[in-house]
Amino acid sequence: MPAFRAPRGTRDLLPEDRAVFDRLASTGTALAVRYGYRPIETPMFEQSAVFERGIGSVTDVVEKELFRIAPRSEEAEAWALRPEPTAGIVRAYVQHGMQTWPQPVKLTFTGPMFRYDRPQAGRYRQFWQFDVEAIGDPGPAVDAEIIELGLRFYGEVGVRDVQVLVNSIGDPACRPAYIDALRDFYRGHLDVLPPTERDRLERNALRLLDSKDPAMVELNASAPRITDRLCEACAAHFASVQVHLTALGVPFRIEPGLVRGLDYYTRTAFEFYVAGREGQQQALGGGGRYDGLVELLGGKPTPGIGFGLGLDRVALVLAEQGTEPPAAEGPLAVIVGADPEDTVTRLKVATDLRAARLRVRADLGRRKLGRQLEAAGRDGAHFAVILGDELAQGQVQVRDLLAGTQRTVGIDDLARELARAEASHHHG
Ligand code: HAM
């Protein structure tokens, strides 16, 4: 056992893993940009109150999972690592007066989030989300646009069999009456409620619907359904979201028990699952509308909607589904030399080629030419540039390791020749 290990619930992304995350992140950002979103970045920590007020204090995320930063003195502000990006992005929207920008303001962010969750496969204490937020549009069309964007992301990165679950969780006009009905229902089953749920019943009954406790899952199957109690405006909004989804060809299933784990949601709520993995209760991603959040964080009443897709889970599913990650690209050329001791010349030639924006490696080990060439082959290099005696006449040998051919090139033409080979390789 090594003396030091990455903290429990965190992982090192080794270069191969990191390459997968890079691809997921860049695919997500490019996709969001195509849909009119602009990248933003907020701090990894915020005043705890941003999360307590935004996400809600009676939620797992805030009550159990927030990584709080110990204040450095009595009067210091209390901070916490971000468990999700929406509250911070909305805080930034208010702080920077984005309500005066053309609406909606469409923002995207991809980065690490922190939750003190019980670690298991697909559940980590530091994990990545690809997030989009459209702030200032009451919907319902944008709701469907965002759900379709999420589904397209999975398609573009190669996840198969993604299911879309949607629901409406009402608004301040109809939810209170529903919550009363829900509370009455649970009061009739007090004996079945685990301690946390019993404790939350009076403070935040909706959270009981989201409980992962097996006893609750069974009980919740017969709980009153929000979809039966939506007010006229919410019902019309939900119906229109469905019309838009259908027009876009997005297959979806209405799931009346879907309430999401954060308190800021109103109306549209949705989650993405991989078929056959529902048993693990692990959503691949989720999101929804949060028409009260901007006001809750001190801004003017402004509607909003967004999603967060968990990239760790996407990487896991891609591996499970046997989707081959693209092979790591070797260098265009490795600079090798007949004189093992002459690292100066090898490094100088490589440096000039790198300055010309070429991807090259210099062999800086002091080993025989044959060994240097073997290593270049193992690297997956396309060319070996061999420095020998003819360098005195300004010439080097360029060996095409893939074709098995070799020719003499003037050192002054080397960068141009290699660049041309790279271009024709990539376009041919
Ligand atoms: P969330 O459902 O809490 O929503 O998280 C979104 C996604 O992040 C989850 O579906 C899951 O894929 C991933 N995730 C969450 N916790 C973990 C974990 N411990 N380990 C690995 N992956 C995890 C939100 O965070 C909202 N901010 C989404 C949103 C944006 N709603 C509106 N705008």
Side-chain angles (χ1 to χ4, degrees), residues 8-11 13 21 24 28 32 37 40 42 46 50-51 54-56 59-62 64-67 81-91 93 104-135 137 139 142-143 146-147 149-150 153-154 159 162-167 169 207 210 212 258-274 277-278 280-294 303-317:
R8 194 164 126 76
T10 73
R11 294 168 308 148
L13 297 180
F21 274 68
L24 298 179
Y37 290 80
I40 184 175
T42 62
E46 297 271 351
V50 169
F51 305 125
I55 297 168
T59 57
D60 278 354
V61 170
V62 168
K64 301 183 190 166
E65 299 169 1
L66 210 53
F67 270 97
L81 296 183
R82 62 174 177 220
E84 59 101 52
T86 312
I89 288 174
V90 169
R91 190 268 310 140
Y93 177 93
V105 177
K106 295 164 82 176
L107 303 167
T108 183
F109 174 68
T110 298
M113 307 296 151
F114 306 86
R115 294 184 193 179
Y116 196 78
D117 226 332
R118 195 168 48 79
Q120 61 185 86
R123 178 158 295 147
Y124 309 102
R125 290 181 173 172
Q126 177 174 335
F127 59 95
W128 282 60
Q129 274 189 13
F130 160 46
D131 180 272
V132 307
E133 309 292 349
I135 309 175
D137 185 331
V142 69
D143 304 32
I146 276 199
I147 293 170
L149 166 54
F153 169 77
Y154 296 117
V159 182
V162 175
Q163 294 185 334
V164 182
L165 306 188
V166 295
N167 194 22
I169 58 168
R207 287 281 67 79
D210 192 44
K212 289 156 196 106
L258 194 164
V259 291
R260 312 275 301 129
L262 318 169
D263 277 354
Y264 50 60
Y265 291 110
T266 51
R267 297 190 166 175
T268 311
F270 57 90
E271 280 176 348
F272 300 100
Y273 283 85
V274 169
R277 279 182 122 250
E278 301 94 333
Q280 305 184 17
Q281 296 206 337
Q282 284 193 352
L284 218 49
R289 180 161 282 290
Y290 45 83
D291 293 344
L293 183 57
V294 175
I305 183 166
F307 66 56
L309 312 187
L311 298 189
D312 305 72
R313 291 182 188 176
V314 170
L316 214 62
V317 169

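When a ligand or atom number is given, it counts from 1 through the structure's own listing order. Heads up: numbering here begins at 1 and tracks the sequence.
- Looking at Thr59 and Asp263, their side chains never bring a donor and an acceptor atom within 3.5 Å of each other.
- Residue contacts with ligand 1 for Phe272 are absent, since no atom lies close enough (heavy atoms, distance under 4.0 Å).
- The protein atom (non-hydrogen) at minimum distance from atom 14 (N) of ligand 1 is Phe127 CE1, 3.5 Å.
- Annotation: atom 4 (O) of ligand 1 to nearest protein heavy atom, Arg260 NH2, 2.9 Å.
- In this model, no donor atom of one side chain and acceptor atom of the other lie less than 3.5 Å apart for Tyr124 and Thr10.
- Of the N or O atoms in Ala283, one or more lie within a sub-3.5 Å distance of an N or O in ligand 1.
- When only non-hydrogen protein atoms are considered, atom 19 (N) of ligand 1 lies nearest to Tyr124 O, 2.8 Å.
- With respect to Asp60 and Arg207, no salt bridge is recorded, no charged nitrogen being found less than 4.0 Å from a carboxylate O.
- Of all the heavy atoms of Val61, none lies under 4.0 Å from any atom of ligand 1, so neither backbone nor side chain is involved.
- Residue nearest to atom 16 (N) of ligand 1, selected from Glu84, Arg115, Gln126, Arg125: Arg115 (by heavy-atom distance).
- For ligand 1, the atoms sitting less than 4.0 Å from at least one non-hydrogen atom of Tyr290 are 32 (C), 33 (N), numbered in the order shown with element in parentheses.
- Distances shorter than 4.0 angstrom occur between a heavy atom of Gly285 and an atom of ligand 1.
- Of the candidates Leu284, Val162, Leu165, Tyr273 forms a side chain to side chain contact (heavy atoms under 4.5 Å, CB included) with just one, namely Leu165.
- Considering only non-hydrogen protein atoms, atom 7 (C) of ligand 1 sits nearest to Gly308 O, 3.5 Å.
- Every N/O-N/O distance between Arg123 and ligand 1 stays at or above 3.5 Å.
- In this structure, CZ in Arg91 is found 9.5 Å from CD1 in Ile89, a value given to the nearest 0.5 Å.
- Ligand 1 is never approached by Gly9 to a heavy-atom distance shorter than 4.0 Å.
- Counting atoms of ligand 1 from 1 in the listed order, those under 4.0 Å from a heavy atom of Tyr265 are 26 (C), 28 (C), 29 (C), 31 (N), 32 (C).
- Taking the side chain as every heavy atom from C-beta outward, Pro85 and Asp131 approach each other to under 4.5 Å.
- Residue contacts with ligand 1 for Gln129 involve side-chain atoms from C-beta outward but no N, CA, C or O (heavy atoms, distance under 4.0 Å).
- Counting atoms of ligand 1 from 1 in the listed order, those under 4.0 Å from a heavy atom of Tyr264 are 26 (C), 27 (N), 29 (C), 31 (N).
- Close contacts between ligand 1 and Leu262 involve ligand atoms 4 (O), 24 (C), 26 (C) [criterion: under 4.0 Å to a heavy atom].
- A donor atom on one side chain and an acceptor atom on the other are not found under 3.5 Å apart for Thr110 and Gln129.
- Taking only nitrogen or oxygen atoms, main chain and side chain alike, Thr86 reaches within less than 3.5 Å of ligand 1.
- With ligand atoms numbered from 1 in the order given, ligand 1 contributes 19 (N) to contacts under 4.0 Å with heavy atoms of Asp117.
- Close approach of ligand 1 to Glu133 (heavy-atom distance below 4.0 Å) involves ligand atoms 30 (C), 32 (C), 33 (N).
- Atoms of ligand 1 found under 4.0 Å from any heavy atom of Asp131, numbered from 1 in the order shown, are 30 (C).
- Residue Glu271 holds its CD atom at 11.5 Å from CD of Gln282, rounded to the nearest 0.5 Å.
- Ring centroid separation for the pair Phe130 and Phe109 does not come in under the 6.0 Å cut-off.
- The shortest distance between side-chain heavy atoms of Arg115 and Leu81 does not fall below 4.5 Å.
- By the 3.5 Å distance cut-off applied to N or O atoms, Leu284 is counted among the residues near ligand 1.
- Cation-pi geometry between Arg125 and Tyr116 is satisfied (NZ or CZ under 6.0 Å from the ring centre, within 45° of the ring normal).
- For the 3.5 Å distance criterion, the side chains of Glu133 and Tyr290 qualify, holding a donor opposite an acceptor.
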